[in-house]
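Contents: one structure, followed by commentary.
Heavy atoms only: backbone and side chains are in, while hydrogens, waters and symmetry mates are out. The structure presented is a predicted model; accordingly, all values stated were derived computationally and were not measured.
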Amino acid sequence: MGIINTKNWFEHDKWREKIKEDVQRHLFAHGMARRNQHDMMKQLEQKNVWAFVAKKFAELKKGWNGPDVPIYIFPADATNRSLQHEFGGKSGVAFFDQLFLFLLPHVSNEHIYALLIHEYNHVCRLHVDPKDERDYTLLDRIVMEGLAEHAVRERLGSEYVAKWTTYYTKEQLEQFTKKWLVPNLSLRPDDARYRALLYGSMLYPRMLGYAVGYEVVRRALAKETMTKLLTMTSEKIFLCNASLCRLFIHIVSGQGG
């Protein structure tokens, strides 16, 4: 498997015949282009992106002893402001058995690699903790995002991590965690608050769940390696944060409000 040759998949919308309908609905939601798809694919082809991703994927798969999954390179939505400002013109979505990268032609190889690291780390995590997508709690998701972005930092350096890792101070993140996240860690994706807390909204700070996840994993990495954390449950990783441990146990045991 590995990199799938998708260079011609946007001629006459061939991609729709190759990707299952239940997966297609996720692609636009996570940053896939709705217009000018074919033109962007030509520009990506000129950059030889497929060969670059194939080489880096082989390195990651060997380094993490990770699963072999198909990787699809698709055009990113240039009109998506969040994708431009929060994610630097690139995005992706990872499943247990496949991975999609959405790219704009101007994105550098280093940032393409950062995206691949982040999304493939998700795939490895999903293989360690396999369950239905509907059963992934908010805690699972914020820990997963923290693990993935710290994997980027470890492999490429702090200059390539996402902007949202710098939005808040440690004190702010601890305050946000206690106030908004700990009471809601068991939420599942069908609850409207799940996305609001994860990405932020008018009620919650921007990229709240992502930023807290990065801090939670930062503290856990003081005690365990990334390889070890990939195999630990979300609860154990979260509980590496001693100052939140007692409050978390209080909430999940049903004694909290």
(request) For Ile117 and Leu60, run side chain to side chain contact (heavy atoms under 4.5 Å, CB included): C-alpha distance rounded to whole Å, both residues' side-chain angles, the deciding distance at 0.1 Å, then the answer. (result) CA-CA 7 Å; Ile117 293 169; Leu60 286 176; 4.0 Å; yes

(message) side chain to side chain contact (heavy atoms under 4.5 Å, CB included), that's the test. Do Leu147 and Ile237 meet it? Break it down for me.
(response) CA-CA 10 Å; Leu147 287 170; Ile237 292 173; 4.3 Å; yes

(request) Applying salt bridge (Lys or Arg N to Asp or Glu O under 4.0 Å), run through Glu174 and Lys178 and close with a yes or a no. (result) CA-CA 6 Å; Glu174 185 156 327; Lys178 291 178 179 176; 3.5 Å; yes

(request) Apply the test side chain to side chain contact (heavy atoms under 4.5 Å, CB included) to residues Leu208 and Trp164: give CA-CA distance (whole Å), side-chain angles for both, the deciding distance (0.1 Å), then the verdict. (result) CA-CA 9 Å; Leu208 171 61; Trp164 45 261; over 6 Å; no

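The list of salt bridge (charged side-chain N to carboxylate O under 4.0 Å, His left out) pairs with a residue in residues 89-112, not counting sequence neighbours, is empty.
Separation of the His111 and Tyr160 ring centroids falls under the 6.0 Å cut-off. Aromatic rings from Tyr72 and Trp9 are positioned such that their centres are separated by under 6.0 Å. Ring centers of His26 and Phe95: under 6.0 Å apart, within the cut-off.
A cation-pi contact links Arg34 to Phe28, judged by a cut-off of 6.0 Å to the six-membered ring centre and 45° from its axis. A cation-pi arrangement is present between Arg206 and Tyr167, with the terminal nitrogen or guanidinium carbon under 6.0 Å from the aromatic centre and inside a 45° cone about the axis.
Under the 3.5 Å distance criterion, the side-chain polar atoms of Tyr120 are left unmatched by any main-chain donor or acceptor of Ala94. Checked by atom type and distance alone, the side chain of Thr165 never pairs as donor or acceptor with a backbone atom of Val161 at under 3.5 Å. Judged by distance alone, the side chain of Thr6 and the main-chain N or O of Ile73 form a donor-acceptor pair under 3.5 Å. In this structure, the side chain of Glu11 does not engage the main chain of His38 through any donor-acceptor pair within 3.5 Å. Between the side chain of Ser91 and the backbone N or O of His30 there is at least one donor-acceptor pair closer than 3.5 Å. Asn8 places no side-chain N or O within donor-acceptor distance of the main-chain N or O of Phe10, the cut-off being under 3.5 Å. Distance alone, capped at 3.5 Å, places no donor-acceptor pair between the Asn65 side chain and the Lys61 backbone.
Contact annotation: the side chain of Phe102 never approaches that of Pro75 to less than 4.5 Å [non-hydrogen atoms, C-beta and beyond]. Looking at Trp64 and Asn121, their side chains come closer than 4.5 Å, going by heavy atoms from C-beta outward. Lys56 is not listed as a side-chain neighbour of Asn109, based on a closest heavy-atom distance of 4.5 Å or more. Counting heavy atoms from C-beta on, the side chains of Lys47 and Phe52 never come closer than 4.5 Å.
Note: Tyr210 OH to Tyr199 OH = 3.5 Å, rounded to the nearest 0.5 Å.
The pair Glu59-Lys62 does not meet the salt-bridge criterion, since no charged nitrogen lies less than 4.0 angstrom from a carboxylate oxygen. Ion pairing between a basic and an acidic side chain is recognised when a charged N comes within 4.0 Å of a carboxylate O; Asp22 and Lys20 show no such pairing. Salt-bridge annotation for Arg16 and Asp13: present, with a side-chain N of the basic residue lying under 4.0 Å from a carboxylate O of the acidic one. A salt bridge between Glu215 and Arg219 is present, with a side-chain N of the basic residue lying under 4.0 Å from a carboxylate O of the acidic one. The pair Arg153-Glu149 does not count as a salt bridge, with every side-chain nitrogen at least 4.0 angstrom from each carboxylate oxygen. With salt bridges taken as basic N to acidic carboxylate O contacts below 4.0 Å, one links Asp191 and Arg193.
The shortest heavy-atom contact between Leu185 and Phe238 is CD1-CZ, 4.0 Å. Nearest heavy atoms, Phe96 versus Val69: O-CG1, 4.0 Å.
Linking ILVMFWY residues whenever their side-chain heavy atoms come closer than 4.5 Å, directly or via other members, places Leu203 and Leu173 in the same cluster.
Under the rule for a salt bridge (charged side-chain N to carboxylate O under 4.0 Å, His left out), Arg125 has no partner lying at least two apart in sequence or in another chain.
A donor-acceptor pair shorter than 3.5 Å can be found between the side chains of His122 and Glu145.
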